[in-house]
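Report on one structure; see the data block that follows.
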Amino acid sequence: MELEYVIEGIEHEEPDTGLLSKVLGWITEIPAALLVVAEIVILGGGAFTRYALQAPLPWTDELAGILFLWLAMLGAVIALRRGEHMRLTTFVKGLSPETRGWLEALGMFLVMAFLLLLAGPAFEHFKEDLDVTTPTLEISEGYRAAAVIVGTALMLVTAIGRVIGHASWKQIFVTGGAVAMLAGALWLLSPTLMQLGNVNLIIFFLVMLVACVVIGVPIAFAFGLATMSYLAFSTSTPLSIMPSRIQEGMSHLILLAVPLFVFLGALIEMTGLARAMINFLVSLIGHVRGGLQYVLLGAMYLVSGISGAKAADMAAVAPALFPEMKKRGNKEGDLIGLLSASGAMSETIPPSIVLITVGSVTGVSITALFVGGLMPALVGLIMMAIVVWYQTKREDMSGVLRATRRQIVKLLAIALPALALPFIIRSAVVEGIATATEVSTIGIFYTILAGLFIYRRFDWRRIYPMLVETAALSGAILLIVGCATAMAWALTQSGFSQDLVKIMTAVPGGKWGFLVVSALAFVILGSVLEGIPAIVLFGPLLFPIAKLVGVHEVHYAMVVIFAMGLGLFSPPFGVGFYAACAIGRVSPDVAIGHVWPHIGALLVALLILIAVPWISIGFM
């Protein structure tokens, strides 16, 4: 991926600087930042009044849910304006700039096609909800549904602005005409398509979807366009079901943890908590061979999952360790391999956004997932520690000083508030003090207080940009969740889920064969679709099958999440690998030959997880 930098599969470009873009920035960024603050206050206040004052406020969840949909849609607009929606660039990165320009223009017209198809049904859905009142606040559900209309309209304007700002008039007319001709052809062929039955699944969910993803259309819009086209041209289903399903997918209150944990991760870096943890770990084992590699693994285990983005976790750890590791003679490729694999290892560590997403779309207990996620990651850590031991047997330790007991105690005292944060977050959920959504606010308030009064590092000027970044990343994630939810519904209605049940239950080897096939499938899906889209799309279909063949739902969740992480950070398709290269400032060409021992260690760990269910469910 050859743009400026890459984070968790998201390409980041400089936003447009034209007048239209600036106006859109003002319209969306300030309200989105205020909505993040409002959610923190509402959920934090709700948890405080319920637990501390024993006087719960019944309206907090409902109000938070309405504002959340607005935050998600405005965040999606910001992400589109900044070019931060998740997309696959593996197949286009080697093309010439001119060819990429043509594909960019074509992709943006396909985005506009989806938004135009969605606009009318979104308005119909809004009108249907106007007369429905919410149970607690007793206000119109139209306030919630209006977010989809406003977000769709603003994304459409943003897409138009991006095409005009980036493409030549020749590219605009040719690619726009091509998309219009495709739409016209599908409309004319609609009577024929309706006669084809499930052949349409291949046309829309294989050919169209794969084509869109391959040319770099953002994954959320590729999902949405394929689903809308399928419903519009090959079924008689009312299209108002599409915005309804998108809204349903994005409105799960548990998903509100996504923006709040993203903001918490930014706070941890800004206030110095992450560096305090790392400095203490270095003082403990930094003097032994491979000590800094072990510190990296331990730091990723401690901070992982809190930020909501694996690249944010890696960016908090790697820059503090890589310079000294290179001085000790470690190869750059080995360091990237370790960093990339540690990101894959830590996908199951609570409060991972992937865990929260699994609980949201499958109904598995979040508390059970949080309890079950620690041991699988520990198995991965041990396997990678073995690789580190082998690779660093001849590490040059001359000149490396061992920290004195007094220095260790001092650094421990400094790090204690930071080390306590992960345990506070996980304990609050497990003990029932707060929900997985509310606990993020506990972490936010704790980190703010620690930054202000303990570490005395708090840059108020960074708060607004952090809030906007939180909204953008959250919008990119949540739009995928919404569109994938609609796509999963369409696949279920088509009868695909029943066919999938027959195929998966007929896999040789019973539940063990099912687990192995599922793991292989999610390794592939994780590498080409990214984690959250894969989980949202296939989780609701596969988890019931797992239960049917006798696999514990938490065990199954850990296997597929670990497998998905393995795919996400495996070259040549896994975008997490390129994120690690970008953070470590190492060319992928240099790193790709060194990553395989670490990937092999994770593969062994995955096989152990499949074979030993106790690792996932033994502490429940």
Side-chain angles (χ1 to χ4, degrees), residues 80 85-89 91-92 95 98-122 152-153 155-243 245-246 479-480 483-484 486-487 490-491 494 528-529 533 537:
L80 183 61
H85 276 282
M86 299 178 187
R87 58 178 179 155
L88 183 70
T89 59
F91 299 102
V92 300
L95 300 176
E98 182 181 0
T99 305
R100 290 192 70 175
W102 280 95
L103 292 178
E104 287 280 351
L106 177 60
M108 201 51 59
F109 271 108
L110 291 170
V111 168
M112 284 189 272
F114 164 63
L115 295 171
L116 285 169
L117 282 170
L118 183 63
T152 300
M155 279 190 280
L156 184 57
V157 173
T158 302
I160 293 171
R162 285 185 65 81
V163 166
I164 294 174
H166 288 81
S168 66
W169 287 110
K170 181 180 178 181
Q171 291 172 333
I172 290 173
F173 284 120
V174 172
T175 57
V179 172
M181 289 175 62
L182 174 62
L186 288 172
W187 180 73
L188 291 173
L189 291 171
S190 182
T192 304
L193 292 172
M194 289 187 179
Q195 307 293 323
L196 296 180
N198 282 351
V199 174
N200 289 304
L201 299 180
I202 298 174
I203 295 172
F204 293 101
F205 295 125
L206 185 61
V207 177
M208 178 182 282
L209 177 60
V210 170
C212 288
V213 171
V214 164
I215 68 171
V217 175
I219 291 173
F221 298 99
F223 281 3
L225 180 61
T227 307
M228 281 295 283
S229 299
Y230 169 75
L231 295 176
F233 301 119
S234 69
T235 75
S236 56
T237 304
L239 293 184
S240 60
I241 197 70
M242 185 71 180
R245 293 296 169 179
I246 291 176
L479 187 61
I480 285 179
C483 290
M487 186 173 169
L491 288 171
S494 71
V528 299
L529 272 188
L537 187 56

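From a predicted model like this one, the values you see are computed outputs, not experimental measurements.
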Contacts of Phe221 meeting ring pair (Phe, Tyr, Trp, His ring centres under 6.0 Å) (sequence neighbours excluded), chain-then-number -> His85
Once rounded to the nearest 0.5 Å, what's the spacing between atom [atom1] of [X] and atom [atom2] of [Y]?
{"X": "Leu103", "Y": "Thr175", "atom1": "CG", "atom2": "OG1", "result": "10.0 Å"}
{"X": "Phe109", "Y": "Leu182", "atom1": "CZ", "atom2": "CG", "result": "13.5 Å"}
{"X": "Leu110", "Y": "Leu115", "atom1": "CG", "atom2": "CG", "result": "11.0 Å"}
{"X": "Ser229", "Y": "Leu117", "atom1": "OG", "atom2": "CG", "result": "6.0 Å"}

Are [X] and [Y] packed together at the side-chain level, in the sense that at least one heavy-atom pair is separated by less than 4.5 angstrom?
{"X": "Leu209", "Y": "Leu225", "value": "no"}
{"X": "Ile172", "Y": "Val163", "value": "yes"}
{"X": "Ile215", "Y": "Val217", "value": "yes"}
{"X": "Pro121", "Y": "Met228", "value": "yes"}

Non-neighbouring partners of [X] that pass side chain to side chain contact (heavy atoms under 4.5 Å, CB included), sequence neighbours left out:
{"X": "Ile160", "answer": "Met112, Leu156, Ile164"}
{"X": "Thr235", "answer": "Tyr230, Leu231, Thr237"}
{"X": "Ala119", "answer": "Thr152"}
{"X": "Leu193", "answer": "Leu186, Leu189, Leu196, Asn200, Ile203, Phe204, Phe233, Ser234"}

Partners meeting side-chain hydrogen bond (donor to acceptor under 3.5 Å, both in side chains) with Ser190 (sequence neighbours left out)
none
Does Ser168 offer a backbone N or O that forms a donor-acceptor pair with the side chain of Gln171 under 3.5 Å?
yes
Before you tell me yes or no, could you show the steps for Leu106 and Val174 under side-chain contact (heavy atoms from CB on, under 4.5 Å), namely the whole-Å CA-CA distance, both residues' side-chain angles and the distance that decides it to 0.1 Å?
CA-CA 9 Å; Leu106 177 60; Val174 172; over 6 Å; no
